[in-house]
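Structure first, commentary second.
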Amino acid sequence: MAPVAARSAGAVGAGTAILLSLAVAYFFCNSSKNNKKKKSKNGILSAIGNTPLIRINSLSDATGCEILGKCEFLNPGGSVKDRVAVQIIEEALESGQLRKGGIVTEGSVGSTAISFATVAPAYGCKCHVVIPDDAAIEKSQIIEALGANVERVRPVSITHKDHFVNIARRRATEANEFAFKHKKSQPNGTDSQQINGYKSDGHDHNSLFPDDCQGGFFADQFENLANFRAHYHGTGPEIWEQTNGKLDAFVAGAGTGGTVAGVSKFLQEKNPNIKCYLIDPPGSGLFNKVTRGVMYTKEEAEGRRLKNPFDTITEGIGINRLTKNFAEAKLDGAFRATDMEAVEMARFLVKNDGLFLGSSSSLNCIGAVRAAQSLGPGHTIVTILCDSGMRHLSKFCNDQYLSKLGLTPKATGLEFLGIK
C-alpha cells in the first residue's frame with residue numbers, strides 16, 4: 001500500500017504544483033494586462049504628477065485655517081500644465097490624430113507651451129507654439145531652449161483670424177498638408193487623400209516644417225476635454241488622498257478652466273459638502289458668470305464693453321468666454337482679486353514662506369485666504385501653486401516694470417486682504 005500512497009501523495013503534490021503554476025501564470029498575465037492598461041510611465045514622464053501638498057504656514061497661521069498648496073511648480077516642465085500636455089498627447093496618439101514624428105501645435109501664453117515642449121520629445125513628437133508677444137520674454141526663451149519652434153504674434157481678439165490660438169490651429173492644418181504632399185512626392189508615395197485623419201485641401205502651404213514631418217495636431221487646450229480629464233483623473237484624486245478626504249474647500253483660477261473643473265468635479269463627487277470656488281483677475285468675465293449667471297455686467301452687455309478689457313498683469317488666468325473645460329466645473333462661488341493684491345501676495349509669500357510663485361499661483365493664494373475668511377477658522381482649504389516666479393522675472397517679478405504700472409508693493413503683512 002505504501003507505494004500506492006506515495007503515488008497518491010505524488011499525484012496530489014503534482015496537482016498542487018500545476019494549480020500553483022496556473023495561478024502564478026494567471027496573476028502575471030493579468031498583471032501584464034493591467035500594466036498595459038495603466039501604461040506605467042518611465043523617463044521624464046514618470047516624474048509628472050504626485051506633487052507634494054504643503055501647508056502654507058503664514059496664511060494658515062493668519063487665518064486660523066489649514067491652507068494647503070499643491071506644488072505643481074515641481075513638475076519637470078515647471079507647472080501644472082505638464083499633466084495636461086501628457087493627457088492630450090496620449091489621447092491623440094491613441095486616437096490616431098497624432099503619430100510619432102508629428103508636430104503638436106498650440107496657442108499659449110507660456111506655461112502650456114513649455115509643457116508641450118518638455119514632454120513631446122518623450123513621445124517622439126515635435127512642438128510648434130504660438131505665443132502673444134506681450135507675454136514675458138523668458139517664456140519664449142525657455143520654449144526655444146527646449147527645441148520647439150516659437151511664433152510670437154501681436155495680441156488680438158479670439159474672434160480675429162490671427163489670434164495666437166487660431167494661428168496654432170492653422171499650423172496643424174499646414175503641417176498635415178505639408179506631410180501629405182511630401183509623402184505623395186516620394187517614390188513609394190501614397191495616393192491617399194488623408195493623413196492623421198486630415199483631408200487634403202489641395203493648397204500649397206509654405207513650409208515651416210522639417211522634411212520628416214508626420215503631420216500636425218492642434219492640442220486645443222481650451223476646448224479639448226483631455227485637459228479636464230488630466231485633473232479629474234490625476235490632480236483631484238491626489239488631493240483627496242493627500243488630505244485623507246478631510247478638506248472643506250478648494251480654490252483655483254481659470255484660464256482654460258481644466259484645473260478648476262477637473263478637481264472641483266472630482267472632489268464634489270467624493271463629498272458634495274466640499275466647497276469649490278473660483279478666483280478671478282481683473283478683466284475676466286468668469287466671476288460674473290459664476291455669481292450672476294452672465295458673463296458681462298449690464299453696462300458691458302449694452303455695448304460699452306471694450307474689445308480687449310484685460311488690464312491685468314497676471315498671465316494664463318482669466319478669460320471672457322466659456323470653454324468646454326470650464327463648463328465641467330462644479331462651483332459654489334467666486335472671488336475677485338486685483339493686480340496689486342497679486343503682487344503683494346507674491347512678495348509676502350517670498351518673505352514669510354520662501355515660496356517664489358508666479359502670478360496665477362499668487363492669485364490662487366488670495367482665493368484661499370478669501371475662502372478662509374468666508375468659512376471661518378478651523379477649515380482645511382486647498383489651492384494650486386501653478387508655477388514658480390522663475391518664468392515671470394521680466395514682468396510680474398520685476399520691480400522696475402511694476403513701478404511703471406503703479407504696482408510697487410508696500411504692505412508689511414496681509415493688511416491688503418484686511419488681516420492685521
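Treat the numbers as computed from the prediction; the structure is a model and nothing was measured. Computed over heavy atoms, backbone and side chain alike; hydrogens, waters and symmetry mates excluded.
- The aromatic rings of W240 and F266 sit perpendicular, their planes meeting at an angle over 60°, well past the 30° parallel limit.
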Review point. Stepwise, does the side chain to side chain contact (heavy atoms under 4.5 Å, CB included) test hold for V119 with I89?
Key: CA-CA 9 Å; V119 306; I89 288 177; 3.8 Å; yes
Check your understanding: Under the salt bridge (charged side-chain N to carboxylate O under 4.0 Å, His left out) criterion, do E238 and K70 qualify, and how do the steps go?
Key -> CA-CA 9 Å; E238 288 175 26; K70 189 93 164 100; 2.8 Å; yes
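- The two residues L402 and V343 come nearest to each other via the heavy atoms CD1-CG1, 3.8 Å.
- For the pair I158 and H163, the minimum side-chain heavy-atom distance is below 4.5 Å.
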**Study point:** Stepwise side chain to side chain contact (heavy atoms under 4.5 Å, CB included) test for Q141 and E138
**Key:** CA-CA 5 Å; Q141 293 170 334; E138 54 269 31; 3.9 Å; yes
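- Between R55 and D61 a salt bridge is recorded (basic side-chain N to carboxylate O distance below 4.0 Å).
- Residues P377 and T63 fail the side-chain proximity criterion, which asks for heavy atoms closer than 4.5 Å.
- For the atom pair SG (C386) and CG (N75), the distance works out to 11.0 Å, reported to the nearest 0.5 Å.
- In this structure, R321 contributes its side chain and G285 its backbone to no donor-acceptor pair below 3.5 Å.
- At a threshold of 4.5 Å between non-hydrogen side-chain atoms, the residues M345 and V369 count as touching.
- N325 places a side-chain N or O within 3.5 Å of a backbone atom of F222 that can act as its donor or acceptor partner.
- Under the 3.5 Å distance criterion, the side-chain polar atoms of S403 are left unmatched by any main-chain donor or acceptor of D399.
- Applying the ring-ring contact (aromatic ring centres under 6.0 Å, His included) test to F416 and every residue at least two apart in sequence or in another chain returns nothing.
- The closest donor-acceptor contact from the side chain of K289 to the backbone of G293 lies under 3.5 Å.
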Review point. Where do E328 and R229 land on the salt bridge (charged side-chain N to carboxylate O under 4.0 Å, His left out) test, with the steps shown first?
Key: CA-CA 10 Å; E328 297 291 331; R229 287 188 286 271; over 6 Å; no
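- No donor-acceptor pair under 3.5 Å is formed between the side chain of E344 and the backbone N or O of A342.
- The side chain to side chain contact (heavy atoms under 4.5 Å, CB included) check on T112 picks up K81, E106, S108, F116, Q221, with sequence neighbours excluded.
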Practice item. Could you go through the side chain to side chain donor-acceptor pair (under 3.5 Å) check for E269 and Y232 one step at a time? Key: CA-CA 10 Å; E269 285 178 359; Y232 180 81; 2.4 Å; yes
Exercise for review: Go through the steps to decide whether F217 and T105 satisfy the test side chain to side chain contact (heavy atoms under 4.5 Å, CB included), and finish with yes or no.
Suggested key: CA-CA 6 Å; F217 169 74; T105 73; over 6 Å; no
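- Residues I419 and Q373 have side chains in contact (heavy-atom distance under 4.5 Å, counting atoms from C-beta outward).
- For the pair R169 and F164, the NZ or CZ position fails the cation-pi test of under 6.0 Å to the six-membered ring centre and within 45 degrees of the ring normal.
- For the residue pair K275 and L375, the shortest heavy atom distance occurs at CG-CD2, 4.4 Å.
- Between D387 and S111, the shortest heavy-atom contact is OD2-OG, 3.4 Å.
- Atom CD1 of I317 sits about 10.5 Å away from atom OG1 of T256, to the nearest 0.5 Å.
- Put simply, the side chain of E72 reaches to within 4.5 Å of the side chain of R83, judged on heavy atoms.
- Separating the CD1 atom in I67 from the CG atom in L59 is a distance of 5.0 Å, to the nearest 0.5 Å.
- Of the possible polar contacts, none joining the T380 side chain to the D248 backbone as a donor-acceptor pair under 3.5 Å is found.
- Side chains of H231 and V84 form a contact here, defined as non-hydrogen atoms less than 4.5 Å apart.
- Note: I88 CD1 to D220 CG = 8.0 Å, rounded to the nearest 0.5 Å.
- Between I56 and L68, every side-chain heavy-atom pair lies at or beyond the 4.5 Å cut-off.
- To the nearest 0.5 angstrom, I48 atom CD1 is 4.5 Å from D82 atom CG.
- Listed by first and then second residue, the ring-ring contact (aromatic ring centres under 6.0 Å, His included) pairs involving residues 267-295 are Y277-F335 (not counting sequence neighbours).
- Looking at N244, its side chain never comes within 3.5 Å of a backbone N or O of K246 through a donor-acceptor pair.
- When all heavy atoms of I103 and C213 are compared, the closest pair comes out as CD1-SG, 3.8 Å.
- Of the possible donor and acceptor atoms, one in the side chain of T383 sits under 3.5 Å from a partner among the backbone N and O of V251.
- In this structure, a donor-acceptor pair under 3.5 Å is present between the side chains of H128 and E151.
- Of all heavy-atom pairs spanning A113 and C127, the tightest one is O-SG, 4.5 Å.
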Check your understanding: Where do L357 and C365 land on the side chain to side chain contact (heavy atoms under 4.5 Å, CB included) test, with the steps shown first?
Key -> CA-CA 10 Å; L357 302 175; C365 289; 4.3 Å; yes
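- A side-chain donor-acceptor contact under 3.5 Å links S95 to the backbone of A92.
- Side-chain atoms of S264 never come within 3.5 Å of backbone atoms of C276 as a donor-acceptor pair (strictly under, hydrogens ignored).
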**Study point:** Verdict with supporting geometry, D162 and R170, salt bridge (charged side-chain N to carboxylate O under 4.0 Å, His left out)
**Key:** CA-CA 10 Å; D162 288 331; R170 287 205 302 273; 2.9 Å; yes
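- The two atoms that bring C65 and A372 nearest to each other are SG-CB, 3.8 Å, heavy atoms only.
- Atom-to-atom distance recorded for L331:CG and L278:CG is 6.0 Å, nearest 0.5 angstrom.
- N149 and E144 share no donor-acceptor pair across their side chains, judged by distance under 3.5 Å alone.
- In this structure, L286 and M295 have side chains that are in contact, with non-hydrogen atoms separated by less than 4.5 Å.
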Check your understanding: Between K395 and E315, does a salt bridge (charged side-chain N to carboxylate O under 4.0 Å, His left out) hold up when you go through it step by step?
Key -> CA-CA 10 Å; K395 296 180 71 176; E315 295 182 352; 3.3 Å; yes
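- Checked by atom type, the side-chain pair S394/N398 shows no donor-acceptor distance below 3.5 Å.
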